[in-house]
Amino acid sequence: MSVSPVRVRFAPSPTGYLHFGGARTALFNWLIARKTAGGKFILRIEDTDRSRHVEDSLPKILSDLRWLGLIWDEGPEAGEDLGPYYQSERLDLYKKYAQQLLDAGRAYYALETPEELAAMREQARKEKGEYRYRRPIPLPTAEQAQQAREAGKAVVVRFMMPNEAVTTTDDILGPVTLAAEELEDFIIQKGDGWPTYHLACVVDDALMGITHVLRGQEHLMNTAKHIALQRALGFETPRYAHLPIIFNMNGSKMSKRDKEKAIKKGETPPEIDVHDFRVAGYLPEALLNFISLLGWSTGDDTEQLTLEETVARFEVGGIGKSNAKFDRDKLLAFNTGWASRVSPERLLEAFKDFLVLNDLPMRSLDDATLGHVLRLCTGFRTFRDVQAKAGALFVPDDAIEYNAKAVKKVLRKKEGQGFAMLEAVLPRLEALTDWTTEQLERCITGLCDEQGRKLGDVAQPIRVAVSGSTVSPAIYDTLVLLGRAGTLNRIRHAITLKEQE
RNA sequence: GGCCCCAUCGUCUAGAGGCCUAGGACACCGGCUUUUCACGCCGGCAACACGGGUUCGAAUCCCGUUGGGGUCACCA
């Protein structure tokens with residue numbers, strides 16, 4: 001039995017935020033590390049593309065990873081045994097290995113410009129032929145490369161892809177044979193001297209002692225390149241496992257584009273990045289639980305799992321091979337369940353994160369009130385529902401917005417029956433000595449009895465009057481939460497709406 | 001198009017030759033509960049892509065077809 005400790009990594013690129021699919025990759029890697037004694041989860045930042053760098057990307061990725069609870073053992077702001085963990089700080093390493101390949105005749109300088117390459121591809125496409133970079137004969141010499149550089153031309157380094165098939169046993173897919181002869185001599189060092197993903201990834205995986213690479217299936221073809229590179233460099237090949245891909249319900253890829261499209265159409269943008277779910281009021285517990293079940297299952301019917309339980313039951317062998325579609329309704333159901341299961345303290349903590357992130361008025365409430373609000377909203381699906389249900393109670397009285405449809409339907413309809421109810425109930429509320437749910441209930445049900453009305457006939461107009469909408473916590477709780485002054489204020493104001501059209 | 005991967009209810013999946021009359025969850029439909037919105041409870045609908053083998057026996061193994069997906073960048 002090998003005793004070498006498991007070392008896995010999650011390697012995001014700061015060109016965007018933590019994607020839903022990326023979160024699953026991070027989670028599964030984290031799980032592998034947590035499952036084994038001494039296992040290490042490493043966070044490596046693949047910032048080798050300077051042109052696509054996004055400024056706030058990295059802090060957000062770190063923050064969201066932490067929000068999920070996927071804490072890394074090595075990486076930025078953590079232990080740095082085999083760092084640095086930013087590829088931009090490891091440039092000399094990549095240069096050294098590129099040179100090693102050059103010296104060994106396993107790589108060569110290539111002089112074509114991106115424009116020339118693009119033209120060749122275009123040409124091939126026109127002639128409906130397939131394009132593949134063809135190794136120049138003879139190969140450009142180091143002198144020629146030097147001359148080109150002096151002439152201001154960028155020179156790249158290409159790896160000589162061996163003409164043999166690469167076979168590997170994927171921990172998820174099983175034996176896979178990749179025809180390397182299909183692959184061209186790919187670039188390992190760009191014109192600006194920076195490494196491409198392939199070189200940087202292979203070098204770092206080796207130097208950082210990565211034992212297992214768990215990544216999306218879109219990387220499957222890259223594995224042939226990486227194994228070839230490892231062999232040429234004399235590195236050991238880690239174990240590979242390729243995760244099925246996650247799609248939208250309509251089969252399209254989940255991308256930030258979906259958000260832009262929705263915004264353009266005036267719709268609510270779908271959550272794509274972890275941050276979106278966080279802002280939308282989801283619990284990390286629910287997101288993690290749901291995400292873990294996309295491609296993996298316990299083998300029995302268990303679906304509700306805490307992170308700890310997932311650690312205990314997770315196995316790479318339990319990961320399926322087929323792609324999955326992301327069912328948002330199911331995530332919502334998971335969140336509803338988790339919201340009613342976690343402890344009040346935990347729920348409060350998560351709720352506050354939501355309020356601060358969204359900069360909502362309720363953020364300035366004290367914990368006791370917030371906890372009370374949460375209890376009154378029991379059954380909510382996301383924190384956004386809590387905001388929709390109780391948010392209006394915590395804005396200034398003159399800041400509530402009356403929903404036109406609600407006013408029309410509940411107050412104005414039936415010859416202003418709703419307004420009449422408000423007028424009838426107002427003096428009774430004004431006369432109340434104690435502002436408690438008991439007193440309020442006695443007061444309002446009393447009015448119902450006298451007028452032969454159903455509770456809803458009185459409660460709904462009051463609800464609309466004080467919240468501006470047809471939705472709020474139970475009516476007596478709502479009024480207590482609002483307080484006597486606020487309630488009376490708002491009802492008086494709502495009555496004035498009668499004269500407006 | 002070449003290469004590669006995949007294939008059970010609408011969706012996520014259980015199932016590793018007889019335990020399958022194919023199980024669970026979400027969604028959906030119906031009912032109950034109800035002062036709003038939710039929640040909750042009860043019930044129902046719903047799948048082994050197709051065709052060949054192998055076998056006493058196939059959702060499970062093999063081959064083919066079809067379908068879906070990935071990849072073919074000086075992006076990761």
Side-chain angles (χ1 to χ4, degrees), chain A residues 11-16 46-49 51-52 110 112-114 117-118 121 128-133 154-158 170 172-174 176-184 186-192 194-198 200-201 216-224 242 244-245 247 249 251 253 290 293-304 320-334 336-337 339-340 377-381 385-386 388-389 406 410 441 444-445 448 454-460 462-464 467 469-476 478:
Chain A
S13 153
T15 52
E46 308 216 323
D47 52 353
T48 54
D49 186 346
S51 62
R52 292 202 312 155
E112 298 82 1
T113 64
L117 257 14
R121 263 192 288 273
K128 74 178 171 77
E130 70 179 88
Y131 169 79
R132 197 187 308 166
Y133 182 81
V155 173
V156 302
V157 178
R158 281 183 189 264
D170 188 281
I172 293 173
L173 300 172
V176 182
T177 299
L178 283 348
E181 60 269 25
E182 291 293 323
L183 274 15
E184 63 180 28
F186 56 93
I187 292 172
I188 55 176
Q189 189 177 87
K190 308 179 207 173
D192 60 6
W194 287 51
T196 58
Y197 165 68
H198 305 296
C201 175
Q217 228 172 74
E218 66 270 20
H219 282 294
L220 190 55
M221 288 302 153
N222 288 334
T223 301
H242 289 90
I245 300 173
F247 295 96
M249 279 303 272
K253 268 193 172 181
F290 178 79
L293 261 14
L294 236 39
W296 173 77
S297 72
T298 57
D300 55 36
D301 291 333
T302 310
E303 284 202 327
Q304 282 178 21
K321 301 177 179 182
S322 41
N323 296 338
K325 287 177 183 163
F326 170 32
D327 185 350
R328 290 170 186 278
D329 288 329
K330 187 156 180 169
L331 202 215
L332 208 48
F334 267 50
T336 308
S340 65
C377 292
T378 299
F380 66 88
R381 297 165 81 74
D385 292 349
V386 179
K389 196 168 188 172
V410 179
E441 176 167 12
I444 290 171
T445 53
C448 289
K454 286 182 296 182
L455 185 50
D457 292 336
V458 182
Q460 259 328 65
I462 297 176
R463 195 185 312 278
V464 172
S467 75
S469 79
T470 54
V471 180
S472 89
I475 194 66
Y476 312 124
T478 298

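So you know, we letter chains A, B, ... as the sequences are listed, proteins then strands, and number each from 1.
Here the side chain of A:K190 pairs a donor or acceptor atom with the backbone of A:T48 at under 3.5 angstrom. Between the side chain of A:N323 and the backbone N or O of A:F247 there is no donor-acceptor pair closer than 3.5 Å.
The side chain of A:S297 approaches B:U13 more closely than any other nucleotide in the set B:U13, B:U11, B:C74. Proximity note for A:K253 (side chain, C-beta onward) versus B:G70, B:U13, B:A73: the nearest is B:G70. With B:U13, B:U11, B:C4 as the candidates, the nucleotide lying closest to the side chain of A:V176 is B:C4. Checking B:U11, B:A76, B:U71 against every side-chain atom of A:E218, the shortest atom distance belongs to B:U71. Checking B:C12, B:A27, B:A76 against every side-chain atom of A:A333, the shortest atom distance belongs to B:A27. The side chain of A:R463 lies closest to B:U36, out of B:G70, B:C12, B:U36. Of the listed nucleotides (B:G24, B:U35, B:C74), B:U35 has the atom at the smallest distance from the side chain of A:A474. Distances from the side chain of A:M221 to the nucleotides B:U35, B:C4, B:C75 place B:C4 closest. Taking only side-chain atoms of A:A324, from C-beta outward, the nucleotide of B:A76, B:U13, B:U35 with the closest atom is B:U13. Of the candidate nucleotides B:C37, B:G69, B:U35, B:C37 has the atom nearest to the side chain of A:V471.
Within the 4.5 Å cutoff, no side-chain heavy atoms of A:L455 are placed close to those of A:I475. In this structure, the side chains of A:L173 and A:L220 come closer than 4.5 Å at one or more pairs of heavy atoms. Within the 4.5 Å cutoff, the side chain of A:Y131 has heavy atoms near those of the A:L117 side chain. A 4.5 Å side-chain heavy-atom check between A:E182 and A:M221 finds every atom pair outside the cut-off. Taking the side chain as every heavy atom from C-beta outward, A:H198 and A:F186 approach each other to under 4.5 Å. A 4.5 Å side-chain heavy-atom check between A:H242 and A:I172 finds every atom pair outside the cut-off. Under the 4.5 Å side-chain criterion, counting only non-hydrogen atoms from C-beta, A:I187 is not in contact with A:Y133.
Remark: P of B:C75 and CZ of A:F186 are 14 Å apart, rounded to the nearest angstrom. For the pair A:F326 CZ and B:A27 P, the computed distance is 14 Å after rounding to whole Å. Note: CZ (A:F334) to P (B:A27) measures 11 Å, nearest angstrom. Following rounding to the nearest Å, A:W194 (CH2) and B:A73 (P) show an atom-to-atom distance of 23 Å. Between the P atom of B:C72 and the OH atom of A:Y197 lies a distance of 11 Å, rounded to the nearest Å. Atom-to-atom, CD1 of A:I245 to C1' of B:G70 comes out at 5 Å; the value is rounded to the nearest Å. Taking atom OH of residue A:Y476 and atom P of nucleotide B:U34, one finds them 14 Å apart after rounding to whole Å. With rounding to whole Å, A:I188 atom CD1 is found 12 Å from B:C74 atom C1'.
The pairing partner recorded for B:C50 is B:G64, the criterion being a Watson-Crick or G-U wobble arrangement whose two distances lie under 3.5 angstrom. Using Watson-Crick or G-U wobble geometry with both donor-acceptor distances under 3.5 Å, B:G2 finds its partner in B:U71. Look at B:G10: its Watson-Crick or wobble partner, with both distances under 3.5 angstrom, is B:C26. Base pairing annotation: B:U33 forms no Watson-Crick or G-U wobble pair, as no partner gives both donor-acceptor distances under 3.5 Å. Of the nucleotides present, none pairs with B:A38 by Watson-Crick or G-U wobble criteria with both distances under 3.5 Å. B:A58 is unpaired under the criterion used here, namely a Watson-Crick or G-U wobble arrangement in which both key atom distances are under 3.5 Å.
Backbone-only contact: A:Q217 has heavy atoms under 4.0 Å from sugar-phosphate atoms and none from a base. Residue contacts for A:S13: at a heavy-atom cut-off of 4.0 Å it reaches the sugar-phosphate backbone alone, with no base atom in range. Backbone-only contact: A:G299 has heavy atoms under 4.0 Å from sugar-phosphate atoms and none from a base. Within 4.0 Å of A:D385, counting heavy atoms only, lies no atom of the nucleic acid at all. Residue contacts for A:S340: at a heavy-atom cut-off of 4.0 Å it reaches no nucleic acid atom on any strand shown. Counting any heavy atom pair closer than 4.0 Å across all strands shown, A:R52 reaches a base atom. At a threshold of 4.0 angstrom between heavy atoms, the contacts of A:D457 with the nucleic acid are absent. Residue contacts shown for A:S322 are limited to sugar-phosphate atoms, with no base heavy atom under 4.0 Å away. Note on A:P473: a base of the nucleic acid sits closer than 4.0 angstrom, heavy atoms only. Across all strands, A:G295 comes closer than 4.0 Å only to sugar-phosphate atoms, never to a base (heavy-atom distances). Counting non-hydrogen atoms under 4.0 angstrom, A:T378 reaches a base of the nucleic acid. Using a 4.0 Å heavy-atom criterion, one finds that A:R121 contacts the sugar-phosphate atoms exclusively. Backbone-only engagement by A:F247 is indicated by non-hydrogen atom pairs under 4.0 Å involving sugar-phosphate atoms exclusively. No contact: A:H242 has no heavy atom under 4.0 Å from any strand.
Going from the P atom of B:G24 to that of B:A14 covers 15 Å, rounded to whole Å. Atom name P, nucleotides B:C74 and B:C61: the rounded distance is 41 Å, in whole Å. Between the C1' atoms of B:U55 and B:A49, the separation comes to 23 Å (whole Å). Atom C1' of B:C32 sits at a distance of 14 Å from the matching atom of B:C39, rounded to the whole Å. B:G52 sits 24 Å from B:G17 when the P atoms are compared, rounded to a whole Å. One P atom belongs to B:A59, the other to B:C48, and the distance between them is 11 Å to the nearest Å. Using atom P as the reference point in both B:U65 and B:G44, the two lie 43 Å apart (nearest Å). Rounded to a whole angstrom, the distance from the C1' atom of B:A22 to that of B:A47 is 9 Å.
Side chain A:N323 to base B:G69: no donor-acceptor pair is found below 3.5 Å. Counting distance only, with no hydrogens placed and no angle test, the side-chain atoms of A:K321 and the base atoms of B:C6 include no donor-acceptor pair under 3.5 Å. Residue-to-nucleotide contacts include no donor-acceptor pair under 3.5 Å from the side chain of A:K330 to the base of B:A27.
With the nearest nucleotide of RNA chain B identified for both A:E303 and A:A179, A:A179 has the one nearer the 5' end.
Taking side-chain N and O atoms only, A:K190 has no distance below 4.0 Å to OP1 or OP2 of B:A73. The phosphate of B:C26 has neither OP1 nor OP2 within less than 4.0 Å of any side-chain N or O from A:R381. Considering only side-chain N and O atoms, A:T15 lies nowhere under 4.0 angstrom from the phosphate OP1 or OP2 of B:A76. For A:T48, a side-chain nitrogen or oxygen approaches OP1 or OP2 of B:A76 to under 4.0 Å.
Each of A:R381, A:Q304, A:E303 was compared with A:F334 under the side-chain contact (heavy atoms from CB on, under 4.5 Å) criterion, and only A:E303 meets it.
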